[in-house]
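Some notes on the structure that comes next.
Residue numbers start from 1 in every chain, and the chains themselves are labelled A, B, ... in the order their sequence lines are given, proteins ahead of strands. This is a predicted model, so every value here is computed, not measured.
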2 protein chains.
Amino acid sequence: MSHEKTREPQERAVERRERILDAAFTTFAENGYRETAIDAIAQRSSTSKGGVYFHFATKEAIFRELMRTTADKLVEKVERSVAAESDPIAQADIAIRTVLETFAGHRRMARLLFVDAFGAGRIFHAQVAELHVRFSALITGYLDRAVVDGTIDPLDTRIAGEAWFGALNEIVDRWLMADPPTQLLDAYPTLRTLLLRSVGVADARIREIAATLRPR
Amino acid sequence: MSHEKTREPQERAVERRERILDAAFTTFAENGYRETAIDAIAQRSSTSKGGVYFHFATKEAIFRELMRTTADKLVEKVERSVAAESDPIAQADIAIRTVLETFAGHRRMARLLFVDAFGAGRIFHAQVAELHVRFSALITGYLDRAVVDGTIDPLDTRIAGEAWFGALNEIVDRWLMADPPTQLLDAYPTLRTLLLRSVGVADARIREIAATLRPR
DNA sequence: GCAGAGAAACCGACCGGCCGGTCGGTCCTG
DNA sequence: CAGGACCGACCGGCCGGTCGGTTTCTCTGC
């Protein structure tokens with residue numbers, strides 16, 4: 001359809017758009033939403049303010065797209081990891097671990113999703129809330145299945161999902177703020193025990209799942 | 001020291017300062033930090049911008065003082081409620097309940113502490129982090145005592161405290177965002193069960209504590 | 001294969017609103 | 001009448017967004 005050398009203008013534009021997005025991601029993660037000027041993004045992506053505004057309607061739109069795609073990636077990753085397991089409790093466990101592992105390796109991602117919303121102002125509450133809902137719903141799903149399976153006793157899984165997410169969120173936040181940097185994954189064993197216990201999984205079973213999962 | 005009618009200028013000034021603080025509290029809680037203009041605070045407190053700046057050095061200072069005193073009040077309240085109990089697990093339980101009860105009755109307070117930091121920008125991360133540390137340390141304290149008592153098995157109480165706080169925080173956040181408003185206290189029974197279980201308190205004991213506490 | 005029309009992509013100077021903070025002045029009160 | 005308390009017009013920086021203009025590509029017709 002096109003020769004290898006020739007670049008349709010679209011193609012170049014697409015690449016530029018991506019560059020802008022990358023630059024925005026980094027800059028938002030480093031300085032926060034409010035503190036990031038469009039000019040900074042333009043400079044970092046070797047474009048111009050006008051160029052940025054050619055591709056995006058508003059600053060907010062950039063941030064939204066970034067949050068959405070980032071969250072998409074994470075959710076997708078979690079769902080892939082989870083697919084290997086059939087026991088819903090093990091799935092929930094893996095989900096937690098995947099999130100921690102991912103953030104441990106992509107601090108910026110964590111900053112964008114969990115901290116940057118900070119400084120973004122009230123307009124983004126909805127956006128952030130959506131993120132929270134999305135992740136806690138994921139967890140609630142696993143817990144629901146576990147209840148149906150009879151693996152755990154019935155309970156308000158919505159609240160449990162929220163609580164799990166909140167706990168996870170807090171641990172990640174702390175890690176992001178920790179001054180002498182810490183190892184995020186160090187928290188995993190304790191956290192999984194806390195969370196699994198909280199929905200009534202017996203200690204023996206928790207150890208059992210751990211043994212199954214370890215091999216990765 | 002002074003006659004009932006006469007007002008020393010100091011006294012009037014003090015009252016004014018308070019009025020400003022009140023107005024700031026309400027406005028911050030309603031609109032968020034960033035979205036609140038000093039002029040709005042001045043107007044609401046029937047003073048002027050200059051007046052506000054006579055009492056406070058910066059906008060940030062107002063917010064800080066508000067957060068500090070609000071957190072102080074809450075911590076104090078929790079500690080008072082807790083004092084009545086001797087069993088550390090019951091204390092932790094009561095602490096959770098007190099926080100929920102307090103917020104249920106003072107939505108604004110919750111907004112200020114948990115949501116407003118939002119929109120306050122990166123400068124406040126430290127402030128917010130401090131708040132989180134403070135509350136989770138409170139919980140960690142109870143858990144530590146429970147461990148020493150032998151009431152619960154040893155575990156990383158720091159992480160547990162953070163997780164508990166995170167869970168609580170998330171529940172409150174959701175309640176604040178819920179569109180058809182919900183009853184915050186409805187979450188309490190589930191939440192307490194989750195949290196107490198998470199540190200290994202047996203279900204029987206959880207019910208037992210509930211029975212003791214109910215009478216308030 | 002090339003002129004050139006036209007559109008897409010891009011640039012950056014500039015505008016304008018917003019708002020924190022200042023400052024010279026006024027008003028009480030003791 | 002001194003000085004603490006208070007007022008409000010004003011300043012100035014910041015930054016999101018605009019807009020007229022330029023560059024770069026594509027496509028057509030010859």
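In this structure, A/E11 places its CD atom 15 Å from C1' of D/dT24, rounding to the nearest Å. Rounded to an integer number of Å, the gap from B/F56 CZ to C/dT22 C1' is 18 Å. Whole-Å rounding puts the A/I20 CD1 to D/dG17 C1' distance at 15 Å. Regarding A/R34, its CZ atom lies at a distance of 14 Å from the C1' atom of C/dG20, rounded to whole Å. One can place CD of A/E60 at 17 Å from P of D/dC15, the figure rounded to the nearest angstrom. Rounded to an integer number of Å, the gap from CZ of A/R16 to C1' of D/dT23 is 11 Å. Rounded to whole Å, the distance from CD on A/E15 to P on C/dA8 is 20 Å.
Residue pairs meeting the ring pair (Phe, Tyr, Trp, His ring centres under 6.0 Å) criterion with at least one member in residues 85-111 of chain B, sequence neighbours excluded: B/F103-B/F114.
By the side-chain hydrogen bond (donor to acceptor under 3.5 Å, both in side chains) test, B/R19 pairs with B/E15, sequence neighbours left out. Partners of B/D72 according to the side-chain hydrogen bond (donor to acceptor under 3.5 Å, both in side chains) rule, which considers only residues two or more places apart in sequence or in another chain, are B/R134.
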Contacts under 3.5 angstrom, residues 160-169 of chain B side chains, donor-acceptor by atom type, not counting sequence neighbours:
| residue | atom | partner | partner atom | Å |
| --- | --- | --- | --- | --- |
| B/E162 | OE2 | A/R174 | NH1 | 3.0 |
| B/E162 | OE2 | B/R158 | NE | 3.1 |
| B/W164 | NE1 | B/S198 | OG | 3.3 |

Which atom pairs, one a donor and one an acceptor, fall under 3.5 Å between side chains of residues 82-89 of chain B and the rest of the protein, sequence neighbours left out?
| residue | atom | partner | partner atom | Å |
| --- | --- | --- | --- | --- |
| B/D87 | OD1 | B/I89 | N | 3.4 |
| B/D87 | OD2 | B/A90 | N | 3.4 |
| B/D87 | OD2 | B/R205 | NH2 | 2.7 |

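For the 3.5 Å distance criterion, the side chains of B/D144 and B/T157 qualify, holding a donor opposite an acceptor.
For the pair B/R17 and A/K59, nearest-nucleotide mapping onto DNA chain D gives the more 5' position to B/R17.
DNA chain C lies under 4.0 Å from at least one heavy atom of each of the following residues of residues 38-55 of chain B: B/I38, B/K49, B/Y53.
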